[in-house]
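Throughout, numbering of the chain's residues begins at 1 and tracks the sequence.
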Amino acid sequence: MHQRHLFLRIRVGLYQDKIGITFIADDGPGFEGKGKQLLAAFARDKEQADDSGYGLGLYIARKIAIWHQGRLEVARSSQLGGASLTLIWRNQQA
């Protein structure tokens, strides 16, 4: 049975020299140290259910960030305890 997460946060930050968009922060199990490994194409957590995807989501998000001279940060949400995915790129107006 899938566990539904109760909290999800989306945040946009504009800083002096960069822009950051945290587009996922939840209270789920997080990546438990596997975040960097899951950035590869077709990489899936072996503990996930078989119907939970193909392992392309983080790979595609990372590629989009790179194409726009940015980066994708994968971490644990300090406020909610689950996964946190943040796109960061330079503020072109700075």
State the CD-CH2 distance between Q69 and W89, to the nearest 0.5 angstrom. 11.5 Å
Between L80 and S77, what is the shortest heavy-atom contact and its length? N-OG, 3.0 Å
Find the distance between CG (L72) and CZ (R62) and round it off to the nearest 0.5 Å. 8.0 Å
Kindly indicate whether the side chain of L38, heavy atoms from C-beta on, has any atom under 4.5 Å from the side chain of V74. no
L85 and I88: same hydrophobic cluster, using ILVMFWY side-chain contacts below 4.5 Å? no
Look at the side-chain heavy atoms of Ile, Leu, Val, Met, Phe, Trp and Tyr, link any pair under 4.5 Å apart, and say whether I64 and F42 land in one connected group. yes
Can you measure from CG (L58) to NZ (K63) and round to the nearest 0.5 angstrom? 13.5 Å
Are the side chain of D26 and the backbone of A83 linked by a donor-acceptor contact shorter than 3.5 Å? yes
